[in-house]
Amino acid sequence: MMNILVVEDHQFFRDAVEACVKDIVQDANVLGFQTLRETQIALTQLKSNAHVILDLGLKDSSGIGTVTQIREGWPDVRILVLSAEEDLQLQHILQSHGVAGYVPKTKSVPEVREAIAAFLRGETVFDPIVGLVDGDDLEKRLARLRSLTDAQMRVLRAMADGSLNKQIAHDLGISEVTVKFHVKSVLSKLEVANRTQAVIELNTLEKYGQVK
């Protein structure tokens, strides 16, 4: 029997998704949860792999970190993200974290239903338009990323893993002052305003070209 976890903190939407899932797979074991903690307990107790339909804005967790925590504990679990936002860059990041699908809640009911059905059939569910990037702009952005030194790239990848300056310094065997210098250089070279934008740029560009 297929185990399907619907993780959504808004009961109305959770109930709607559960009803949709039960209509698609009538003999499935469908479980609803509103927190990451409840989901982790359920995944620990289940004896077979599960499909998780996940909202990123939970009461006890939000954003990419929610996906990361599930993937770290249960790497074989397939995840479909239902998001309140229609965000190209977010979709790229989710793809890089091994998510099987991303569906904005702004889609129509039939579109959401078909996406869920495709996900449960084992397909990946992403909007094809996400792959469309202007060629000239892409090459310029890739060139900026490739201009980073090896040390700067190591710091950027550590940032992408969620590490703060102190942890990066410890892991790379350098001082926090040096880390801060590298971070400043990374932001300048990539022409972004903050660490979050730098990580998004890295995750996005790795989909389109060879980087260090």
Side-chain angles (χ1 to χ4, degrees), residues 7 35-37 39-40 52 54-75 77 79 81-102 104 126-127 129-212:
V7 187
T35 67
L36 174 62
R37 179 57 179 162
T39 304
Q40 291 171 318
V52 176
L54 175 69
D55 175 50
L56 293 182
L58 303 177
K59 294 180 179 179
D60 60 342
S61 182
S62 63
I64 303 300
T66 307
V67 171
T68 301
Q69 291 187 66
I70 294 176
R71 294 283 297 166
E72 287 179 349
W74 300 269
V77 166
I79 301 174
V81 169
L82 298 181
S83 174
E85 301 179 7
E86 192 165 356
D87 189 320
L88 180 150
Q89 292 181 320
L90 175 60
Q91 179 164 317
H92 280 309
I93 296 174
L94 291 171
Q95 285 178 290
S96 72
H97 280 72
V99 167
Y102 167 80
F126 294 103
D127 192 335
I129 197 171
V130 170
L132 301 178
V133 175
D134 178 79
D136 291 339
D137 178 63
L138 176 61
E139 286 304 317
K140 291 178 182 178
R141 291 164 62 188
L142 281 169
R144 290 197 290 265
L145 184 61
R146 291 167 181 159
S147 73
L148 299 182
T149 66
D150 290 342
Q152 290 166 354
M153 182 59 73
R154 285 193 292 270
V155 169
L156 176 56
R157 291 198 180 282
M159 289 160 54
D161 289 336
S163 300
L164 299 178
N165 288 353
K166 185 175 183 179
Q167 184 63 45
I168 295 174
H170 176 269
D171 292 344
L172 299 183
I174 57 180
S175 70
E176 282 192 64
V177 172
T178 301
V179 172
K180 291 178 181 178
F181 176 78
H182 284 322
V183 170
K184 183 177 180 180
S185 297
V186 167
L187 300 187
S188 176
K189 286 187 176 182
L190 296 185
E191 299 182 14
V192 296
N194 52 52
R195 297 166 71 106
T196 299
Q197 291 180 5
V199 170
I200 289 174
E201 189 73 347
L202 172 65
N203 287 324
T204 299
L205 293 177
E206 283 190 316
K207 293 295 178 182
Y208 295 102
Q210 181 65 41
V211 298
K212 295 180 181 180

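Each residue takes its place number in the sequence, starting with 1.
- At least one side-chain heavy atom of V192 sits under 4.5 Å from a side-chain heavy atom of L187.
- The side-chain contact (heavy atoms from CB on, under 4.5 Å) check on L172 picks up R154, V155, I168, I174, with sequence neighbours excluded.
- Listed by chain and residue number, M159, A160, N203 satisfy the side-chain contact (heavy atoms from CB on, under 4.5 Å) test with V199 (two or more places apart in sequence, or in another chain).
- Contacts classified as salt bridge (Lys or Arg N to Asp or Glu O under 4.0 Å) and involving residues 186-201 (residues at least two apart or in different chains) are given here: R141-E201, R144-E191.
- Between A198 and V186, the closest heavy-atom pair is CB-CG1, 4.4 Å.
- With rounding to the nearest 0.5 angstrom, the CG atom of L94 is 4.5 Å from the CD1 atom of I64.
- Considering every non-hydrogen atom in both S185 and Q152, the closest pair reads CB-NE2, 3.4 Å.
- Between I70 and V7 there is no side-chain heavy-atom pair separated by less than 4.5 Å.
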Please list, one pair per line, the donor and acceptor atoms closer than 3.5 Å that link side chains of residues 177-184 to other protein atoms, with sequence neighbours excluded.
from : atom 1 : to   : atom 2 : distance (Å)
T178 : OG1    : S175 : OG     : 2.9

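- Heavy-atom minimum distance, Q40 versus W74: O-CZ2, 3.5 Å.
- Minimum heavy-atom separation, S83 to Y102: CB-CE1, 3.5 Å.
- Taking the side chain to side chain donor-acceptor pair (under 3.5 Å) definition, one finds that D171 meets it with Q167, sequence neighbours left out.
- Every residue two or more places apart in sequence or in another chain that forms a side-chain contact (heavy atoms from CB on, under 4.5 Å) with S61 is listed here: L36, T66, Q69.
- Between L145 and M153 the shortest side-chain heavy-atom distance falls below 4.5 Å.
- The distance from the NE2 atom of H170 to the NZ atom of K166 is 9.5 Å, given to the nearest 0.5 Å.
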